[in-house]
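As C-alpha coordinates, the structure follows; a few thoughts come after it.
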There are 2 protein chains.
Amino acid sequence: MTPNTHDQLLKKKQVEQMLAEHGIFVTAQRRIIAEALFARNQHITADQLLDLVNKNGTKVSKATIYNSLGLFADKGLVREIHINASKTFYDSNASRHHHFYNVDTGDLIDMKERLVPLFLQSDLPDGTVMETADVVIRVRNQSP
Amino acid sequence: MTPNTHDQLLKKKQVEQMLAEHGIFVTAQRRIIAEALFARNQHITADQLLDLVNKNGTKVSKATIYNSLGLFADKGLVREIHINASKTFYDSNASRHHHFYNVDTGDLIDMKERLVPLFLQSDLPDGTVMETADVVIRVRNQSP
DNA sequence: ATCAATTTTAGAACTATTCTAATGCCACGA
DNA sequence: TCGTGGCATTAGAATAGTTCTAAAATTGAT
(Lines give C-alpha, C1' and ligand atoms only; values in the text may rest on other atoms or scores of the structure.)
Protein backbone atom coordinates (compact mmCIF):
# COMPACT_ATOMS: atom_id res chain seq x y z
CA MET A 1 0.00 0.00 0.00
CA THR A 2 1.51 3.23 -1.10
CA PRO A 3 1.83 5.55 1.88
CA ASN A 4 0.14 8.87 1.47
CA THR A 5 -0.54 11.96 3.44
CA HIS A 6 -3.93 10.74 4.56
CA ASP A 7 -2.94 7.45 6.06
CA GLN A 8 -3.13 8.37 9.69
CA LEU A 9 -6.06 10.71 9.53
CA LEU A 10 -8.50 9.61 12.12
CA LYS A 11 -9.21 12.58 14.29
CA LYS A 12 -11.80 15.23 13.56
CA LYS A 13 -9.29 18.05 13.57
CA GLN A 14 -7.08 16.44 10.99
CA VAL A 15 -9.99 15.65 8.71
CA GLU A 16 -11.22 19.21 8.98
CA GLN A 17 -7.80 20.53 8.17
CA MET A 18 -7.50 18.26 5.19
CA LEU A 19 -10.83 19.37 3.76
CA ALA A 20 -10.04 23.01 4.38
CA GLU A 21 -6.62 22.68 2.75
CA HIS A 22 -8.33 21.48 -0.39
CA GLY A 23 -10.78 24.36 -0.43
CA ILE A 24 -13.71 22.35 0.79
CA PHE A 25 -16.19 24.06 3.07
CA VAL A 26 -16.50 21.88 6.16
CA THR A 27 -19.98 20.72 7.13
CA ALA A 28 -21.17 18.12 9.61
CA GLN A 29 -21.97 15.56 6.91
CA ARG A 30 -18.76 16.09 5.01
CA ARG A 31 -16.79 15.58 8.19
CA ILE A 32 -18.64 12.35 8.96
CA ILE A 33 -18.16 11.09 5.43
CA ALA A 34 -14.51 12.07 5.31
CA GLU A 35 -13.80 10.39 8.62
CA ALA A 36 -15.22 7.10 7.44
CA LEU A 37 -13.60 7.39 4.04
CA PHE A 38 -10.10 8.39 5.10
CA ALA A 39 -9.87 6.19 8.17
CA ARG A 40 -7.82 3.86 6.01
CA ASN A 41 -6.74 3.28 2.45
CA GLN A 42 -9.65 1.58 0.79
CA HIS A 43 -11.49 1.03 -2.44
CA ILE A 44 -15.11 1.63 -1.69
CA THR A 45 -18.34 2.19 -3.57
CA ALA A 46 -20.83 4.94 -2.79
CA ASP A 47 -23.25 2.34 -1.46
CA GLN A 48 -20.70 0.73 0.82
CA LEU A 49 -19.72 4.13 2.15
CA LEU A 50 -23.35 4.96 2.81
CA ASP A 51 -23.71 1.81 4.89
CA LEU A 52 -20.45 2.46 6.68
CA VAL A 53 -21.40 6.02 7.57
CA ASN A 54 -24.89 5.17 8.75
CA LYS A 55 -23.77 2.21 10.81
CA ASN A 56 -23.06 4.35 13.86
CA GLY A 57 -26.45 5.92 14.27
CA THR A 58 -25.53 8.89 12.10
CA LYS A 59 -27.80 9.58 9.21
CA VAL A 60 -26.46 10.88 5.93
CA SER A 61 -28.48 10.71 2.74
CA LYS A 62 -27.48 8.93 -0.42
CA ALA A 63 -27.49 12.19 -2.36
CA THR A 64 -25.03 13.73 0.05
CA ILE A 65 -22.74 10.74 -0.27
CA TYR A 66 -22.68 11.19 -4.01
CA ASN A 67 -22.34 14.96 -3.78
CA SER A 68 -19.47 14.71 -1.34
CA LEU A 69 -17.62 12.00 -3.22
CA GLY A 70 -17.98 14.05 -6.38
CA LEU A 71 -16.67 17.11 -4.62
CA PHE A 72 -13.77 15.24 -3.03
CA ALA A 73 -12.88 13.80 -6.42
CA ASP A 74 -12.97 17.24 -8.03
CA LYS A 75 -10.63 18.56 -5.38
CA GLY A 76 -8.24 15.65 -5.76
CA LEU A 77 -8.88 14.00 -2.41
CA VAL A 78 -10.12 10.72 -3.85
CA ARG A 79 -9.75 8.97 -7.17
CA GLU A 80 -12.64 7.50 -9.09
CA ILE A 81 -11.93 4.11 -10.55
CA HIS A 82 -14.20 2.73 -13.22
CA ILE A 83 -13.74 -0.98 -13.46
CA ASN A 84 -16.92 -1.93 -15.16
CA ALA A 85 -20.18 -0.42 -16.25
CA SER A 86 -21.99 -1.05 -13.02
CA LYS A 87 -19.60 0.10 -10.39
CA THR A 88 -17.53 3.12 -9.52
CA PHE A 89 -14.92 2.66 -6.83
CA TYR A 90 -13.54 5.53 -4.84
CA ASP A 91 -9.96 5.17 -3.75
CA SER A 92 -9.30 6.97 -0.50
CA ASN A 93 -5.67 7.05 -1.45
CA ALA A 94 -5.40 9.68 -4.16
CA SER A 95 -1.65 9.50 -4.46
CA ARG A 96 -0.22 8.23 -7.70
CA HIS A 97 -0.50 4.50 -7.96
CA HIS A 98 -2.22 1.95 -10.12
CA HIS A 99 -4.24 -1.20 -9.64
CA PHE A 100 -4.59 -4.84 -10.38
CA TYR A 101 -8.13 -5.98 -10.94
CA ASN A 102 -8.87 -9.68 -10.78
CA VAL A 103 -11.76 -10.39 -13.11
CA ASP A 104 -12.36 -13.76 -11.48
CA THR A 105 -12.54 -12.62 -7.88
CA GLY A 106 -13.44 -8.97 -8.29
CA ASP A 107 -10.47 -7.99 -6.13
CA LEU A 108 -8.99 -4.57 -6.68
CA ILE A 109 -5.41 -4.54 -5.46
CA ASP A 110 -3.02 -1.64 -5.14
CA MET A 111 0.11 -1.67 -7.22
CA LYS A 112 3.20 0.18 -6.20
CA GLU A 113 3.87 2.75 -8.82
CA ARG A 114 6.43 0.96 -10.87
CA LEU A 115 5.96 2.59 -14.20
CA VAL A 116 4.99 6.21 -14.37
CA PRO A 117 3.30 7.34 -17.52
CA LEU A 118 5.70 10.16 -18.31
CA PHE A 119 4.09 12.29 -20.92
CA LEU A 120 5.58 15.51 -22.03
CA GLN A 121 3.14 18.33 -22.35
CA SER A 122 3.79 18.29 -26.08
CA ASP A 123 2.58 14.73 -26.34
CA LEU A 124 -0.88 15.62 -25.16
CA PRO A 125 -3.63 16.69 -27.55
CA ASP A 126 -3.26 20.35 -28.50
CA GLY A 127 -4.55 22.79 -25.95
CA THR A 128 -4.97 20.28 -23.17
CA VAL A 129 -3.21 19.60 -19.90
CA MET A 130 -2.96 16.31 -18.10
CA GLU A 131 -5.25 15.69 -15.20
CA THR A 132 -4.74 12.06 -14.22
CA ALA A 133 -3.29 8.89 -15.64
CA ASP A 134 -5.57 5.99 -14.88
CA VAL A 135 -4.09 2.54 -15.22
CA VAL A 136 -5.75 -0.75 -14.46
CA ILE A 137 -4.00 -4.00 -15.16
CA ARG A 138 -6.64 -6.63 -15.57
CA VAL A 139 -5.58 -10.12 -14.49
CA ARG A 140 -7.32 -13.44 -14.21
CA ASN A 141 -6.69 -16.53 -12.18
CA GLN A 142 -4.15 -18.89 -13.65
CA SER A 143 -5.67 -22.05 -15.15
CA PRO A 144 -4.61 -25.16 -13.21
CA MET B 1 -4.17 5.49 -35.26
CA THR B 2 -2.38 2.26 -34.55
CA PRO B 3 -2.75 -0.08 -37.51
CA ASN B 4 -4.18 -3.44 -36.70
CA THR B 5 -5.23 -6.58 -38.47
CA HIS B 6 -8.82 -5.48 -38.69
CA ASP B 7 -8.34 -2.15 -40.40
CA GLN B 8 -9.34 -3.09 -43.88
CA LEU B 9 -12.06 -5.54 -43.03
CA LEU B 10 -15.07 -4.55 -45.01
CA LYS B 11 -16.13 -7.59 -46.96
CA LYS B 12 -18.33 -10.34 -45.60
CA LYS B 13 -15.78 -13.05 -46.21
CA GLN B 14 -13.09 -11.31 -44.22
CA VAL B 15 -15.39 -10.59 -41.34
CA GLU B 16 -16.52 -14.20 -41.27
CA GLN B 17 -12.94 -15.38 -41.27
CA MET B 18 -12.04 -13.04 -38.48
CA LEU B 19 -14.89 -14.25 -36.30
CA ALA B 20 -14.13 -17.88 -37.05
CA GLU B 21 -10.46 -17.39 -36.28
CA HIS B 22 -11.43 -16.20 -32.84
CA GLY B 23 -13.67 -19.16 -32.19
CA ILE B 24 -16.89 -17.27 -32.71
CA PHE B 25 -19.76 -19.09 -34.31
CA VAL B 26 -20.87 -16.99 -37.27
CA THR B 27 -24.51 -15.99 -37.44
CA ALA B 28 -26.33 -13.47 -39.60
CA GLN B 29 -26.59 -10.90 -36.82
CA ARG B 30 -23.03 -11.27 -35.69
CA ARG B 31 -21.86 -10.74 -39.24
CA ILE B 32 -23.96 -7.59 -39.60
CA ILE B 33 -22.73 -6.27 -36.27
CA ALA B 34 -19.10 -7.10 -36.99
CA GLU B 35 -19.25 -5.45 -40.40
CA ALA B 36 -20.50 -2.20 -38.92
CA LEU B 37 -18.11 -2.39 -36.00
CA PHE B 38 -14.91 -3.26 -37.83
CA ALA B 39 -15.49 -1.09 -40.88
CA ARG B 40 -13.11 1.35 -39.26
CA ASN B 41 -11.25 2.03 -36.05
CA GLN B 42 -13.77 3.64 -33.76
CA HIS B 43 -14.83 4.13 -30.20
CA ILE B 44 -18.50 3.39 -30.07
CA THR B 45 -21.17 2.74 -27.49
CA ALA B 46 -23.67 -0.10 -27.65
CA ASP B 47 -26.41 2.40 -28.40
CA GLN B 48 -24.54 4.06 -31.22
CA LEU B 49 -23.76 0.68 -32.73
CA LEU B 50 -27.41 -0.29 -32.53
CA ASP B 51 -28.36 2.82 -34.50
CA LEU B 52 -25.58 2.27 -36.99
CA VAL B 53 -26.56 -1.32 -37.62
CA ASN B 54 -30.26 -0.62 -37.98
CA LYS B 55 -29.76 2.35 -40.27
CA ASN B 56 -29.69 0.19 -43.39
CA GLY B 57 -33.02 -1.52 -43.00
CA THR B 58 -31.50 -4.43 -41.09
CA LYS B 59 -33.02 -5.15 -37.73
CA VAL B 60 -30.93 -6.35 -34.83
CA SER B 61 -32.16 -6.20 -31.27
CA LYS B 62 -30.53 -4.37 -28.43
CA ALA B 63 -29.98 -7.59 -26.53
CA THR B 64 -28.08 -9.07 -29.44
CA ILE B 65 -25.89 -6.00 -29.66
CA TYR B 66 -24.95 -6.40 -26.01
CA ASN B 67 -24.53 -10.15 -26.32
CA SER B 68 -22.31 -9.83 -29.35
CA LEU B 69 -20.19 -7.03 -27.96
CA GLY B 70 -19.71 -9.05 -24.81
CA LEU B 71 -18.74 -12.09 -26.81
CA PHE B 72 -16.36 -10.14 -29.03
CA ALA B 73 -14.75 -8.63 -25.96
CA ASP B 74 -14.33 -12.05 -24.36
CA LYS B 75 -12.63 -13.31 -27.46
CA GLY B 76 -10.34 -10.32 -27.67
CA LEU B 77 -11.79 -8.73 -30.79
CA VAL B 78 -12.80 -5.48 -29.12
CA ARG B 79 -11.73 -3.67 -26.00
CA GLU B 80 -14.14 -2.31 -23.45
CA ILE B 81 -13.24 1.14 -22.18
CA HIS B 82 -14.88 2.44 -19.05
CA ILE B 83 -14.52 6.18 -18.92
CA ASN B 84 -17.26 6.98 -16.50
CA ALA B 85 -20.10 5.33 -14.69
CA SER B 86 -22.63 5.87 -17.41
CA LYS B 87 -20.89 4.82 -20.57
CA THR B 88 -18.97 1.88 -21.89
CA PHE B 89 -17.09 2.43 -25.10
CA TYR B 90 -16.09 -0.40 -27.36
CA ASP B 91 -12.88 0.08 -29.26
CA SER B 92 -12.93 -1.73 -32.58
CA ASN B 93 -9.17 -1.65 -32.51
CA ALA B 94 -8.17 -4.24 -29.94
CA SER B 95 -4.46 -3.90 -30.53
CA ARG B 96 -2.37 -2.53 -27.73
CA HIS B 97 -2.73 1.18 -27.41
CA HIS B 98 -4.02 3.69 -24.91
CA HIS B 99 -6.23 6.75 -24.89
CA PHE B 100 -6.56 10.37 -24.09
CA TYR B 101 -9.92 11.38 -22.71
CA ASN B 102 -10.84 15.04 -22.69
CA VAL B 103 -13.11 15.64 -19.74
CA ASP B 104 -14.23 18.97 -21.18
CA THR B 105 -15.22 17.79 -24.63
CA GLY B 106 -15.83 14.10 -24.03
CA ASP B 107 -13.41 13.23 -26.84
CA LEU B 108 -11.69 9.88 -26.66
CA ILE B 109 -8.49 9.98 -28.70
CA ASP B 110 -6.13 7.19 -29.57
CA MET B 111 -2.59 7.37 -28.29
CA LYS B 112 0.23 5.62 -30.01
CA GLU B 113 1.62 3.12 -27.63
CA ARG B 114 4.51 5.06 -26.25
CA LEU B 115 4.95 3.42 -22.95
CA VAL B 116 4.24 -0.24 -22.59
CA PRO B 117 3.35 -1.47 -19.15
CA LEU B 118 6.00 -4.15 -18.96
CA PHE B 119 5.12 -6.34 -16.03
CA LEU B 120 6.98 -9.47 -15.35
CA GLN B 121 4.80 -12.37 -14.46
CA SER B 122 6.30 -12.28 -10.99
CA ASP B 123 5.01 -8.77 -10.44
CA LEU B 124 1.39 -9.81 -10.77
CA PRO B 125 -0.65 -11.01 -7.82
CA ASP B 126 0.10 -14.65 -7.02
CA GLY B 127 -1.65 -17.16 -9.21
CA THR B 128 -2.82 -14.65 -11.79
CA VAL B 129 -1.92 -13.88 -15.38
CA MET B 130 -2.26 -10.59 -17.14
CA GLU B 131 -5.19 -10.07 -19.41
CA THR B 132 -5.10 -6.44 -20.43
CA ALA B 133 -3.47 -3.22 -19.36
CA ASP B 134 -5.97 -0.41 -19.53
CA VAL B 135 -4.60 3.10 -19.51
CA VAL B 136 -6.55 6.30 -19.87
CA ILE B 137 -4.83 9.65 -19.61
CA ARG B 138 -7.42 12.16 -18.57
CA VAL B 139 -6.80 15.65 -19.89
CA ARG B 140 -8.69 18.90 -19.75
CA ASN B 141 -8.72 22.01 -21.88
CA GLN B 142 -6.02 24.49 -21.04
CA SER B 143 -7.27 27.59 -19.25
CA PRO B 144 -6.85 30.73 -21.38
C1' DA C 1 -37.89 -33.53 -41.85
C1' DT C 2 -36.73 -33.82 -36.98
C1' DC C 3 -34.10 -32.87 -33.00
C1' DA C 4 -31.41 -30.65 -29.58
C1' DA C 5 -28.75 -26.83 -28.85
C1' DT C 6 -27.88 -22.30 -29.50
C1' DT C 7 -29.20 -17.59 -30.81
C1' DT C 8 -32.29 -13.86 -31.19
C1' DT C 9 -35.97 -11.09 -29.70
C1' DA C 10 -39.23 -7.61 -27.26
C1' DG C 11 -39.95 -5.91 -23.41
C1' DA C 12 -39.67 -6.04 -18.48
C1' DA C 13 -36.61 -5.67 -14.66
C1' DC C 14 -32.71 -3.98 -12.42
C1' DT C 15 -29.63 -0.65 -10.42
C1' DA C 16 -26.17 2.92 -10.00
C1' DT C 17 -26.41 7.56 -10.40
C1' DT C 18 -28.57 12.08 -11.07
C1' DC C 19 -32.25 15.23 -10.58
C1' DT C 20 -35.91 17.89 -8.18
C1' DA C 21 -37.85 20.87 -5.26
C1' DA C 22 -38.51 21.57 -0.50
C1' DT C 23 -36.27 22.23 3.86
C1' DG C 24 -32.42 23.21 6.84
C1' DC C 25 -28.29 25.49 8.18
C1' DC C 26 -24.70 29.00 8.52
C1' DA C 27 -22.16 33.35 8.23
C1' DC C 28 -22.69 37.91 7.88
C1' DG C 29 -24.38 42.63 8.16
C1' DA C 30 -27.76 45.92 9.89
C1' DT D 1 -30.35 39.70 17.80
C1' DC D 2 -32.74 39.18 13.91
C1' DG D 3 -33.13 38.66 9.08
C1' DT D 4 -31.23 37.54 4.68
C1' DG D 5 -28.91 35.13 1.03
C1' DG D 6 -26.59 31.38 -0.38
C1' DC D 7 -25.32 26.82 -0.02
C1' DA D 8 -26.00 22.08 1.75
C1' DT D 9 -28.94 18.35 2.69
C1' DT D 10 -32.77 15.47 2.05
C1' DA D 11 -36.36 11.88 0.37
C1' DG D 12 -37.93 10.20 -3.25
C1' DA D 13 -38.71 10.32 -8.17
C1' DA D 14 -36.57 10.05 -12.59
C1' DT D 15 -33.08 8.55 -15.75
C1' DA D 16 -30.46 5.48 -18.47
C1' DG D 17 -27.31 1.84 -19.44
C1' DT D 18 -27.30 -2.87 -19.00
C1' DT D 19 -29.06 -7.45 -17.90
C1' DC D 20 -32.68 -10.74 -17.54
C1' DT D 21 -36.68 -13.56 -19.09
C1' DA D 22 -39.23 -16.59 -21.55
C1' DA D 23 -40.73 -17.46 -26.01
C1' DA D 24 -39.76 -17.86 -30.93
C1' DA D 25 -36.38 -18.56 -34.54
C1' DT D 26 -32.37 -20.52 -36.46
C1' DT D 27 -28.72 -23.72 -36.83
C1' DG D 28 -26.06 -28.07 -37.95
C1' DA D 29 -26.40 -32.79 -37.30
C1' DT D 30 -28.95 -37.07 -37.63
Side-chain angles (χ1 to χ4, degrees), chain A residues 12 15-16 19-20 22-37 43-54 57-75 77-91 103 106 108, chain B residues 12 15-16 19-20 22-37 43-54 57-75 77-91 103 106 108:
Chain A
K12 274 191 175 46
V15 168
E16 276 184 40
L19 295 180
H22 286 80
I24 296 171
F25 192 89
V26 179
T27 68
Q29 285 88 342
R30 287 177 187 167
R31 187 164 44 224
I32 293 170
I33 292 170
E35 278 169 23
L37 184 56
H43 310 120
I44 195 169
T45 65
D47 238 43
Q48 292 169 339
L49 183 57
L50 180 65
D51 288 348
L52 183 59
V53 159
N54 287 339
T58 53
K59 194 81 222 321
V60 176
S61 74
K62 202 194 302 186
T64 298
I65 295 284
Y66 277 101
N67 286 345
S68 300
L69 283 174
L71 181 63
F72 294 174
D74 275 356
K75 302 296 188 181
L77 275 175
V78 299
R79 278 274 289 288
E80 292 182 349
I81 306 171
H82 301 286
I83 296 298
N84 56 47
S86 67
K87 234 161 215 160
T88 301
F89 287 94
Y90 289 86
D91 191 338
V103 294
L108 186 61
Chain B
K12 276 189 173 50
V15 167
E16 276 185 38
L19 295 180
H22 286 79
I24 295 171
F25 194 91
V26 179
T27 68
Q29 286 86 344
R30 287 177 188 165
R31 188 165 42 223
I32 292 170
I33 292 170
E35 277 169 24
L37 184 56
H43 309 120
I44 194 169
T45 64
D47 239 43
Q48 293 168 338
L49 183 57
L50 180 64
D51 288 348
L52 183 59
V53 159
N54 287 338
T58 53
K59 195 81 222 322
V60 176
S61 74
K62 203 193 301 187
T64 298
I65 295 284
Y66 277 102
N67 286 345
S68 300
L69 283 174
L71 180 63
F72 293 174
D74 276 356
K75 302 296 188 180
L77 275 175
V78 299
R79 279 275 287 289
E80 291 182 349
I81 306 171
H82 301 285
I83 296 298
N84 57 47
S86 67
K87 235 161 215 162
T88 301
F89 287 93
Y90 290 86
D91 191 338
V103 295
L108 186 61

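Each chain gets a letter, A, B and so on, in the order its sequence line appears, and its residues count up from 1. Small disclaimer: the values here were computed from a predicted structure and weren't measured.
If you measure from atom NZ of Lys87(A) to atom P of dA16(D), you get 22 Å, rounded to the nearest angstrom. Spacing between atom CD1 of Ile24(A) and atom P of dT9(D) amounts to 11 Å, rounded to whole angstrom units. Rounded to whole Å, atom P of dC14(C) lies 16 Å from atom CG of Asp47(A). At whole-Å resolution of the value, CD1 in Ile65(A) and C1' in dT18(C) are 15 Å apart. If you take CD1 of Ile44(A) and P of dA16(C), they are 14 Å apart, rounded to a whole angstrom. Taking atom CG of Asn67(B) as the reference point, atom P of dA25(D) lies 18 Å away to the nearest angstrom. One interatomic measurement links the two molecules: NZ of Lys62(A) to C1' of dA13(D), which rounds to 11 Å at whole-angstrom precision. As rounded to whole Å, 16 Å separates atom C1' of dT18(D) from atom NE2 of His82(A).
For the pair Tyr66(B) and dT19(D), the criterion of a side-chain N or O lying under 4.0 Å from OP1 or OP2 is not met. Dashed line: the shortest gap from a side-chain N or O of Thr27(B) to OP1 or OP2 of dT8(C) is under 4.0 Å. Contact between the side-chain N/O atoms of Gln29(A) and the OP1/OP2 oxygens of dC25(C) is not found at any separation under 4.0 Å.
When heavy atoms are screened at a 4.0 angstrom cut-off, Thr88(A) is found touching the sugar-phosphate backbone but no base atom. Here Lys59(B) lies in heavy-atom contact (under 4.0 Å) with sugar-phosphate atoms only. Heavy atoms of Ala63(B) sit under 4.0 angstrom from at least one base atom. Using a 4.0 Å heavy-atom cutoff across all strands shown, Thr64(B) reaches at least one base atom of the nucleic acid.
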(request) Kindly indicate, with the supporting measurements, whether the criterion side-chain contact (heavy atoms from CB on, under 4.5 Å) is fulfilled by Lys75(B) and Leu71(B). (result) CA-CA 6 Å; Lys75(B) 302 296 188 180; Leu71(B) 180 63; 4.1 Å; yes

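Between atom CG of residue Leu19(A) and atom CZ of residue Arg31(A) there is a gap of 9.0 Å, rounded to the nearest 0.5 Å.
Nearest-nucleotide mapping onto DNA chain D: of Ala28(B) and Phe89(B), the residue sitting toward the 5' end is Phe89(B). Toward the 5′ end of DNA chain C lies the nearest nucleotide of Ser61(B), the other residue of the pair Ala85(B) and Ser61(B) mapping further downstream.
Side chain of Asn84(B) to backbone of Lys87(B): a donor-acceptor contact under 3.5 angstrom is found. Without hydrogens or angle criteria, His43(B) side chain to Leu108(B) main chain gives a donor-acceptor distance under 3.5 Å.
Put simply, the residue from Val78(A), Ile81(A), Ile44(A) that forms a side chain to side chain contact (heavy atoms under 4.5 Å, CB included) with Asp91(A) is Ile81(A).
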